[in-house]
Amino acid sequence: MASSADVVKKIVRLKLQLSDTAEPGTVLKILQKLSKLDITIDILAETGIGKTVNSFRRHEEAGEIAKSLVYGWKRLVPSESVSPVVDKGLTEGVPMRDNQWDRSFSDDERLAQDDVNNNSLKVRSKNQDSSEDETECKTPQRKPDKEDKEEKKRKRKENNNKTSEVLQENLGIAQKDVVTKKTENLEDKRDSSVVTKRKKNCQKEEKQGEQECLFGSSEDTRQRSKSDSREKRKGPSESGQFRSERDSKTSQSHSGIHQKKNKESKDPSSCEISDQRLRKGMKQSEAHNEKRRKSDDKPLSLSSKESDDKNQSNHRKAKRKHGSNSDLEKPAMSFESYLNYDETVLKMKERSGSKKSSKKIKTLVKKQKSKDSTVNAIKSPTSSPKKFQESVMHLMDIPLPAALPECDDLSTMDYFKTKAEKVWSDVCDVSEDSAVFTGQRLNKKMQVYSGAKSTSLPSMMTLYHQCIRTLQNNINLLFETGGVPFEILEPVLERCTPEQLLRIEEFNPIYIGVTDHLWGKHCQRDFKGFKLNEYESWKEMYIRLYEERERKFKRLTKSIVSAHSSKPKGRQVKMAFIHTVAKPPRDVRIKQEIHGTASAPQPHPPRSSGKFQDSQLRATSQQVEPNKSSSSSAGNTQDPRKKTRVAPMMAKSLKAFKKQLQRR
Amino acid sequence: MMDGEERACEGPDSMYVKLISSDDHEFIVKREHALVSGTIKAMLSGPGQIAENETNEIKFREIPSQVLSKVCEYFTYKAQHTNSSTEVPDFPVSPEISLELIIAANFLDC
């Protein structure tokens, strides 16, 4: 095996050269050298050369050679099943081999369907030939979904039953598997089943420590470490790599806030890539956790893409700050990146209605926590990051301040409330608004109440003034002030009515001495003209005058009541025309006189009837005569009415006629 | 996270300051927001070397957390709407906390 050892050394050297060099010529040369060497699976796993070469797949000149190299090496690895691989940084549909376990590969298949990244496309190992084309990748992925699920289930069952040795056998199978980011998501979903598997697989993982980087599968390591983190740490076997990976995974899984995971195994570049992927994966997995219900592939992939895009921006920030590999995380950077998160959130404030920056941080932290909690469901903290993470988690576990029962639920308060949702709009008395601004059209003639208006302030009021305004609008709710100094509350008390002032003083005796000038104002307003007695405060005077007025009022009331009490109340019946004949209404009387239908003879009539007769004679010369006799008798009855009905002009003319007759 | 906070809050020119309520809730706000309050401004940038200058933490023994959280909200509200040409909505204060809030506002001079 000396030759293999040599080969290994050579490969390691070449690998270093590859990572160091920037010139395409050297890259080409190195790749060619590599292709000439005899490389086995073990070597690939040991050196991690596959990963490095894969990273050159996209290279301008050396890309093709790198690709061919990778393909060749992949063929070495016995392929059995298909697992799509998500290759974030390296994109293209190159199938990524992973040493994942059976479970994972079935998960991968699912993940492949999800298509988390725009760039990364998985090709199932089955379709490794067509892996380059993204579209090709997609279509085959969708097809075997169901098959994958079944396979997954099968594999899971198998795994559960297998011993470690059997698992080793499955290693070969698992090597085919390609792990995608989605694997993580799916793994989250099936934590319980996964846990057991992971335990078993951790042993596998050990051995596959190198193979993980077989083809630049940073996701693999990520996934593995993720699964590791989820394990209950019962696996006794821990290689150096394994542990670090696990640690990295744990911390990563703990929160997206501070994850610089180091892949202790490999190059800085690969590690960086892996870290990026880790974080992205984390985010995506979290996003996926939330979107799990959407079982449809396409929507899930789309939504996950969106979430990824969002997350990517955050991650890039963190990435940029991400330094070299280090086991410890750099929380400051990630924390600050999250602190900067509020700047974007600020813009969305109106929409989201979030409140203050600190609160945003808290909600952000809480959000992260909620996201992470799903991931951390079965997590057990590892040694070195353990302390750190615990403190973080502890911080995130701190609940928001418990509000007193009488306080609002602050999380629902939204000071960007729309006009429709004023908290105390119904309580707000518009007319009592401060002089600074009024919401009522007091200057206009027609005052129509159209609801409480939400008006804007002419200028920014200080918090003090805002409070004063609130209090002024809600004086009736004010009872005990709890020791607020009078001077602070003075603007509020100035607006009290005497009754309110009295009530407040009753509940808060400390105000009693100092409110006198307010009472003075009340006195002058209500009792004009009265003068202050000696040794009397305004308040006393007000009370005195008020009570006097009350007494006076009561007295008057009493007298009036008594005056009214003698009078009969209600409807009263009075008798009319008891001694006299009932007098008909005027128009009826006139008609009765005309037609002679009077019911009873009137005592008055003779003179008037005579008058009427004469007038009749004069009016009609001959006609009257024959009627004279008849009319005289009839006229007697009619005459009284007719006589009384002589119009004034008629009376004049009658006199004139009489004179003429007398003269004749 | 704790390290991050301290690092964010440490130093005289740190971006954030920590306000601690009477019931030990800690509110981390941007320094410029907190300087809206005259009292905090005096504490943090006063001529004397008081402890707050170093740690950028201020403990308010009389202000409970629900009040201090509302104060922090006001900081943000003010920062956003100062020099804003658009209509400024009024800052809602619920009657229940208005009394405590007015004491705090008077103390903090904001």
Side-chain angles (χ1 to χ4, degrees), chain A residues 255 257-258 331-332 334-336 339 346 349 355-361 365 388 391-392 395-396 398 400-404 406-408 410 413-417 422-424 427 454-457 459-464 466-471 473-474 477-478 481-485 488-489, chain B residues 1-8 15-16 18-19 21 23-30 33-34 36-37 64-84 86-106 108-110:
Chain A
S255 74
I257 294 179
H258 46 268
S334 54
F335 180 72
E336 278 186 2
L339 289 179
L346 270 172
K349 239 190 203 177
K355 298 159 203 188
K356 47 192 169 88
S357 58
S358 64
K359 190 141 192 176
K360 268 176 239 150
I361 290 170
V365 166
F388 180 90
S391 61
V392 171
L395 183 72
M396 290 198 273
I398 294 174
L400 289 177
L404 294 180
E406 63 265 22
C407 287
D408 289 338
L410 293 177
M413 292 288 291
D414 179 2
Y415 69 83
F416 283 102
K417 251 177 204 175
K422 284 292 177 182
V423 178
W424 27 270
V427 182
S454 68
T455 57
S456 67
L457 307 172
S459 65
M460 179 75 64
M461 293 169 86
T462 66
L463 188 57
Y464 173 73
Q466 302 267 16
C467 292
I468 290 285
R469 196 163 62 88
T470 309
L471 284 167
N473 292 334
N474 296 293
L477 305 176
L478 191 59
T481 61
V484 179
I488 295 177
L489 272 186
Chain B
M1 187 70 139
M2 295 303 269
D3 292 330
E5 281 175 19
E6 284 155 20
R7 242 170 277 181
M15 202 171 148
Y16 293 87
K18 190 193 291 189
L19 309 175
S21 68
D23 45 349
D24 290 329
H25 279 277
E26 298 176 351
F27 297 84
I28 302 168
V29 296
K30 278 194 179 160
H33 287 358
V36 163
S37 154
S65 55
Q66 67 268 21
V67 176
L68 192 53
S69 70
K70 197 73 178 170
V71 172
C72 293
E73 282 183 39
Y74 176 76
F75 289 155
T76 321
Y77 160 85
K78 178 156 171 125
Q80 183 174 5
H81 289 110
T82 307
N83 305 325
S84 159
T86 59
E87 189 181 297
V88 175
D90 52 339
F91 183 69
V93 177
S94 70
E96 292 86 0
I97 62 166
S98 57
L99 279 173
E100 293 171 310
L101 192 56
I102 201 172
I103 298 174
N106 185 54
L108 292 173
D109 181 29
C110 68

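In the text below, chain A, chain B and the rest are named by the order of the sequence lines, each starting its count at 1.
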Taking all non-hydrogen atoms of both residues into account, name the closest pair between [X] and [Y] and its distance.
X	Y	answer
A/Arg469	B/Phe91	NH2-O, 4.5 Å
B/Ser98	A/Thr470	CB-CG2, 4.4 Å
A/Leu471	B/Ile102	CD1-CD1, 3.9 Å

- Could you tell me which portion of A/Ile468 (side chain, backbone, both or neither) has an atom closer than 4.5 angstrom to a non-hydrogen atom of chain B? both
- CG (B/Leu99) and SG (A/Cys467) are apart, to the nearest 0.5 Å, by 9.0 Å
- Query: Where do B/Asn106 and A/Val484 land on the side-chain contact (heavy atoms from CB on, under 4.5 Å) test, with the steps shown first?
  - Reply: CA-CA 10 Å; B/Asn106 185 54; A/Val484 179; over 6 Å; no
- Can you list the steps and then say if A/Thr462 with B/Tyr74 is a side-chain contact (heavy atoms from CB on, under 4.5 Å)? CA-CA 9 Å; A/Thr462 66; B/Tyr74 176 76; 4.2 Å; yes
- Item | Part of B/Thr82 lying under 4.5 Å from any heavy atom of chain A | both
